[in-house]
Amino acid sequence: MRMFRTLLLLGIVGLVALGGVALWAVQADSEDFAFVPQAAQPAIGVVELEDAAAPPAGAGRVYFTTVGVRHATVWETWFGVDGGKLVPEHAIQPDGESDSDRARMDTIAMDDSQQAAEVVALRALGYRVQVRPAGVVIAGIDREAPIASSGATLGDLILSTDGRRTLETEALRDAVRRAGIGTVVDLGLHRDGKVLTVAVKTIRSERTGKAILGILPAQAHAVEAPRKVTYSVKGIGGPSAGLAFALQIYSAGRGYANLHGLKVAATGTLSMSGTVGAIGGVGEKAVGAKRAGAEVFLVPRGNAAEARAAGVAGLRIVPVESFTDALRALAVAP
C-alpha cells in the first residue's frame, strides 16, 4: 500500500511537471519564426488613384497578399505550425539585428514598392512620369562599424558628404572612396523633416579593399506625375506588394475593365523598370489568396513552383516576370 501511494504521488508530480512544461512551451518564444497564412486584402481603398471613378457593378478586384510573421513558440518548434511553416531566425533576422531594426527595414522596403508601383502603373497608362534621385537611404548598418555609434540610424536619408551633395548611391560611394580608409567624413542627413550632420569614420571593405561607411545603401527618388497616388497601408511592410499595388493603380485608371470581372491576387517585388522579383512565403500567400476568394494568383516566375506546391484547389497560378507580363496574362485570363 505504501509503495502504491509513493508511485501515485510520483505520477501526480510527473503530470504536474509535464503540464508546466507544456504550458511554458505554448507561451514561450523560440528562436525560430512562424510564417502563417493571412487572407489577402482588397487593394481598393488602400491604394487610390486621383480622380478615379468607383468600380462599376460586376467589376473585378485586385488583392494584395500578406503573410503573418511572428516569433514561433517553443511548442511550435517541437511540433510544427498549424497551417504554416517554421523559418530559422537567421533567415529573417541576422545577428545583431533587433525587431525594431527589421520593422524599420520593412517600412523602407514598403515605401520603395509603393513608389515603384506608382511609376510603373502610371507610365503603363500613358502618363509622363519624371523620376530623379533624391538621396541615399540607409537601409542597413554594420553594427561593428563606427557608423553604428555615430548617431545615424536606419531610414536616414544621406544628402551630402563633407558638404557636397551626394544624392545618388554611386556618388556617395565615390566620395567615401576618395576620402580614404580611416577618415572621418561628415554626412548630411535628413530625418523626420530635420537636417542634421553626423561624423563617421570610414572602414576598409573586406571585398574590395576600399573605404566604405558600413551601410546598405538604397536609392531614394522624387517622382513627379500628372495624377496623384495615395496609400493607406497599416500594419504591414516589405516589398512584396509592389506588383499588386501597380495593378490596382492601372486597373483604376482603366475603369477596371482590364480585370474582366475576375478577382485577382498578386504578389512580387517591382522595380522602377517594371521587373517582377521573387518573394518569400508564396505558399502561405496562395492559401491567403484563396481565402479571399481570388480566382487568379499572379506570382513571380521564380516562385511559381512553390505556389503550385501549396496545392490550393480552384486558384489559377500565373507566373510573370514583368508588369507587362501581368497585363498580358489578364488580357487572356477569361
Side-chain angles (χ1 to χ4, degrees), residues 38-67 109-127 129 223 225-277 279 282 285-286 288-300 315-331 333-334:
Q38 292 184 332
Q41 301 178 43
I44 190 168
V46 174
V47 186
E48 297 287 350
L49 175 63
E50 182 181 32
D51 297 328
R61 182 168 289 191
V62 176
Y63 295 82
F64 65 96
T65 57
T66 62
V67 174
M110 171 60 77
D111 291 344
D112 287 346
S113 72
Q114 292 174 359
Q115 199 170 54
E118 177 182 358
V119 171
V120 170
L122 290 179
R123 283 177 173 170
L125 286 169
Y127 294 108
V129 181
V223 176
R227 294 182 75 176
K228 184 179 180 181
V229 176
T230 56
Y231 293 89
S232 54
V233 181
K234 297 180 180 179
I236 61 172
S240 66
L243 175 59
F245 288 165
L247 186 58
Q248 171 60 29
I249 297 166
Y250 181 87
S251 300
R254 291 294 186 206
Y256 299 91
N258 61 302
L259 299 178
H260 306 289
L262 294 170
K263 293 182 177 181
V264 180
T267 189
T269 66
L270 189 68
S271 71
M272 288 280 187
S273 64
T275 300
V276 175
I279 47 86
V282 73
K285 290 179 179 179
K290 185 61 179 177
R291 286 181 181 176
E295 301 154 286
V296 177
F297 188 25
L298 302 176
V299 302
L315 181 66
R316 194 189 323 172
I317 307 296
V318 180
V320 298
E321 294 181 344
S322 67
F323 187 65
T324 302
D325 281 352
L327 297 183
R328 288 173 179 164
L330 291 179

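Quick caveat, the model's predicted, so the values are computed rather than measured.
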Original post:
Any idea which heavy atoms bring Asp325 and Glu321 closest together, and the distance?
Top reply: OD2-N, 3.0 Å

Original post:
Ignoring hydrogens and geometry, is there a side-chain-to-backbone donor-acceptor pair from Tyr127 to Arg227 under 3.5 Å?
Top reply: no

**OP:** Determine the minimum heavy-atom distance between Glu118 and Ala225, stating which atoms define it.
**Re:** OE2-CB, 4.3 Å

Original post:
How far does OH of Tyr231 sit from CD1 of Ile249, to the nearest 0.5 angstrom?
Top reply: 3.5 Å

Subject >> Taking every non-hydrogen atom, the tightest pair across Met272 and Val120 >> reply: O-CG2, 3.5 Å

Show me, pair by pair, the donor-acceptor contacts under 3.5 angstrom made by side chains of residues 40-54, not counting sequence neighbours?
from  : atom 1 : to     : atom 2 : distance (Å)
Glu48 : OE2    : Gly45  : N      : 3.0
Glu50 : OE1    : Lys228 : N      : 2.9

Original post:
Within a strict 4.5 Å, meaning less than it, do heavy atoms of the Leu243 and Ser113 side chains meet?
Top reply: no

Subject >> Nearest-0.5 Å distance that lies between atom CG in Leu125 and atom OG in Ser251 >> reply: 9.0 Å

Original post:
Once you round to the nearest 0.5 Å, how far does CG of Leu270 lie from CG of Asp112?
Top reply: 11.5 Å

Subject >> Minimum heavy-atom distance between Ala246 and Ala121, given as atom pair plus value >> reply: O-CB, 3.3 Å

**OP:** Considering non-hydrogen atoms only, spot the tightest contact between Ala329 and Val318 and give its length.
**Re:** CB-CG1, 3.7 Å

Original post:
Any side-chain heavy-atom pair from Phe245 and Val229 closer than 4.5 angstrom?
Top reply: no

Original post:
Can a donor-acceptor pair be found between the side chains of Tyr256 and Gln248 at a distance below 3.5 Å?
Top reply: yes

**OP:** Check whether any side-chain heavy atom of Leu247 lies under 4.5 Å from a side-chain heavy atom of Leu330, and answer yes or no.
**Re:** yes

Original post:
Can you find a heavy atom in the side chain of Ile279 that is under 4.5 Å from one in the side chain of Lys285?
Top reply: yes

**OP:** State, to 0.1 Å, how close Val276 and Gly268 come at their nearest heavy-atom pair, and which atoms those are.
**Re:** CG1-CA, 4.2 Å

Subject >> Arg61 CZ: over 12 foreign heavy atoms closer than 6.0 Å >> reply: no

**OP:** Measure the spacing between OG1 of Thr267 and CG of Leu298 and express it to the nearest 0.5 Å.
**Re:** 10.0 Å

